[in-house]
Every structure is written in C-alpha cells, then in structure tokens.
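FYI, the numbering just counts along the sequence from 1.
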Amino acid sequence: MKSVTVCRGCGRTIDNDFIYCPWCGYSRVACDDNASLNAVFNQLEQLQSDSCSHQISKMEKQLDELEHELDTLVLSAEMHK
C-alpha cells in the first residue's frame with residue numbers, strides 16, 4: 001500500500017514521495033532544503049541529457065546500418081541490369 005499524506009496547501013491526498021503537490025504546487029520541502037533540491041534537479045537533468053545522448057547514438061548506429069543495407073541493395077540492383 002502506498003504511503004499518502006495530506007497537502008498543507010489544498011488539503012488533497014497526495015503520494016508521500018511527492019516533493020510538490022500536483023494539484024496546487026505547494027512545496028512539501030522546507031526552504032533550507034533548496035540546496036538539496038537543486039542537487040536532485042541537477043542530477044535529473046544530467047540523467048536526462050545522458051539518456052538523450054544514448055538514444056541519439058543508438059539512432060545514429062541504426063541509420064548507419066540502414067545506409068549500409070541501402071548501398072548493398074543499390075549495388076545489387078545495378079549488377080542485375
């Protein structure tokens with residue numbers, strides 16, 4: 001069972017893991033925790049950037065493979081003329 005809490009901003013029930021209320025945006029973190037929040041957000045941004053780079057690399061590899069297959073097909077078609 002998920003742990004839930006009540007938002008102090010709007011009174012709705014939210015997941016206890018939430019940092020901000022999805023309904024009203026109220027912060028559940030004290031102001032002195034802003035440095036740790038910034039560190040978490042920086043880490044998330046880095047993870048997102050790494051994920052995008054990985055996806056781009058994967059797509060480049062797939063494109064190279066497709067170009068190689070296309071070159072093979074074109075050569076084969078020219079040889080059968």
Check residues 52-62 and write down every donor-acceptor pair under 3.5 Å in which the side-chain atom is one partner and the other belongs to a residue at least two apart or another chain.
| residue | atom | partner | partner atom | Å |
| --- | --- | --- | --- | --- |
| Ser53 | OG | Ser49 | O | 3.1 |
| Ser57 | OG | Ser53 | O | 3.1 |

- request: Decide whether Gln46 and Asp50 meet the rule of one side-chain donor and one side-chain acceptor closer than 3.5 Å.
  value: yes
For residues 63-70, run the donor-acceptor check on the side chains, cut-off 3.5 Å, and write out each pair with its distance to 0.1 Å, sequence neighbours left out.
none

Ignoring hydrogens and angles, write down the donor-acceptor pairs under 3.5 Å from the side chains of residues 12-25, residues two or more places apart or on other chains.
| residue | atom | partner | partner atom | Å |
| --- | --- | --- | --- | --- |
| Asp15 | OD1 | Asp17 | N | 2.8 |
| Asp15 | OD2 | Lys2 | NZ | 3.3 |
| Asn16 | OD1 | Arg28 | NH2 | 3.0 |
| Asn16 | ND2 | Ser3 | OG | 3.4 |

